[in-house]
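Quick note on labels: first sequence line is chain A, next is B, and so on, each numbered from 1.
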Protein chains: 2
Amino acid sequence: MLYNEIESCNCSIIHEDIIEKVRESMPPEESLYDLAELFKVFGDSTRIRILHALSASEMCVCDIAALLGMTQSAISHQLRVLKHARLVKYRKEGKVIYYSLADDHVNQIFAQGLEHVNE
Amino acid sequence: MLYNEIESCNCSIIHEDIIEKVRESMPPEESLYDLAELFKVFGDSTRIRILHALSASEMCVCDIAALLGMTQSAISHQLRVLKHARLVKYRKEGKVIYYSLADDHVNQIFAQGLEHVNE
DNA sequence: TTAATACATGAACAATCGTTCATATGTTCA
DNA sequence: TGAACATATGAACGATTGTTCATGTATTAA
């Protein structure tokens, strides 16, 4: 099993003990994949701006489009991504659909990120 | 000024008061862009796995490649991205370069993200 | 029922991204 | 000095992504 890795990384293993220790500490592949998928959603400035806007107030699609100076279609596509990641929720009122943040995790992840960016 | 946005979003503004209120609460465009760039770095499962490995122990490039079953080149390219985002630091010891997490923000952002993923 | 409007969505395109491959740099050791 | 090895990097490729455009659905109001 270890031999496969030696072949694929094209170099001899220097610290076998460390690799084994770290390997045991790694969460299941799937968790890390899900985590990457979550951050991928945060990794677009349009979505970041939508999320930040929604942290200030619930808004309908048209309002967000007007605020960000983008088309309704572009916003709608992005809201779909945010909805799928369970970062926003919505309520319907006639023709109008009001979006808001799904929970407080968004604000907390924002805060941590901004702390790093502002060093 | 408001007219441009009406044109670009292709819909009449429904809640002008909310838009104005939210607009005032928005951080500078550049901050949100930087924030998106940061999360973009977290948004790849290879980089997530590297970061998680480094949160357990400092490691050299070959070790990481062996651990993840990937080529040394692929890891090196990704470490470059992580270095540029100031998420990892390194120390040199002869031929070998040991990488480690730059600060504790990584762990905190990880924790917030995992909390959301695990609902 | 019809017109108007808020929102969703599929196809298509350009742009960005992650990996591979080949090769270069820099250090150690004989 | 030269061979071995750890790491870095540029070019190129396929894959993914964000937006636009055109169109579809659903609701309201006349």
Whole angstrom is fine here: how far is it from CD1 in B/Ile64 over to C1' in C/dG18? 17 Å

Phosphate OP1/OP2 of C/dA8 contacted by A/Arg80 side-chain N/O (<4.0 Å): no

Closest of D/dG18, C/dG26, C/dA8 to the A/Ile97 side chain is C/dA8

Within 6.0 angstrom of A/Tyr98 OH, more than 12 heavy atoms from elsewhere: yes

note: B/Lys40, atom NZ; C/dT16, atom C1'; distance rounded to Å ~ 8 Å

Assess B/Lys83 against B/Tyr90: is NZ or CZ under 6.0 Å from the centre of the six-membered ring, and within 45 degrees of the ring's axis? yes

Nearest to the side chain of B/Ser76, which nucleotide is it out of C/dG10, C/dA8, D/dT9? D/dT9

Proximal nucleotide (of C/dT27, D/dT7, C/dC7) relative to the A/Tyr99 side chain: C/dC7

When the rotation axes relating C1' atoms of four end pairs to the next four are compared across the helix from C/dT1-D/dA30 to C/dA30-D/dT1, five pairs an end, they differ to 10° by 20°

What is the distance, to the nearest angstrom, from the CG atom on B/Leu68 to the P atom on C/dT20? 12 Å

Separation of atom CE in B/Met59 from atom P in D/dT7, rounded to whole Å: 11 Å

Would you please test A/His105 and B/Gln112 for side-chain hydrogen bond (donor to acceptor under 3.5 Å, both in side chains) and show each step? CA-CA 7 Å; A/His105 283 132; B/Gln112 292 295 330; 5.2 Å; no

Derivation of the side-chain contact (heavy atoms from CB on, under 4.5 Å) call for A/Ile50 and A/Tyr99: CA-CA 10 Å; A/Ile50 293 175; A/Tyr99 282 88; over 6 Å; no

Could you please name the option among D/dA8, C/dA8, D/dG18 that lies closest to any side-chain atom of A/Val61? C/dA8

Can you find a side chain N or O atom of A/Lys95 that sits less than 4.0 Å from OP1 or OP2 on C/dC7? no

May I ask you to verify if any side-chain N or O of B/Gln72 is less than 4.0 angstrom from the OP1 or OP2 atom of D/dA8? no

Options C/dA11, D/dT7, C/dA6, nucleotide nearest the side-chain atoms of B/Cys62: D/dT7

Does D/dT7 have OP1 or OP2 under 4.0 Å away from a side-chain N or O of B/Lys92? no

Are A/Ser73 and D/dC21 close enough that a side-chain N or O sits under 4.0 Å from OP1 or OP2? no

Over all heavy atoms of both residues, which pair between B/Ser76 and B/Val61 is shortest? Give the atoms and the distance, please. N-CG1, 4.5 Å

Closest nucleotide among D/dT19, C/dT28, D/dT7 to the A/Thr46 side chain: D/dT19

d(CG, A/Leu79; P, C/dA6) in whole Å: 16 Å

Of A/Val106, A/Leu51, A/Leu101, which is the lone residue that meets side chain to side chain contact (heavy atoms under 4.5 Å, CB included) with A/Leu82? A/Leu51

How long is the gap from CG on A/Leu38 to CD on B/Glu115, to the nearest 0.5 Å? 11.5 Å

From the candidates D/dG18, C/dT27, C/dA11, the one with an atom nearest any side-chain atom of A/His77 is C/dA11

Interatomic spacing from CE in B/Met59 to CD1 in B/Ile75 - rounded to 0.5 Å: 9.5 Å

Between P of C/dT9 and CG of A/Leu82, the distance in whole Å: 14 Å

Nearest-angstrom distance from the residue atom CZ of B/Arg47 to C1' of C/dT16: 12 Å

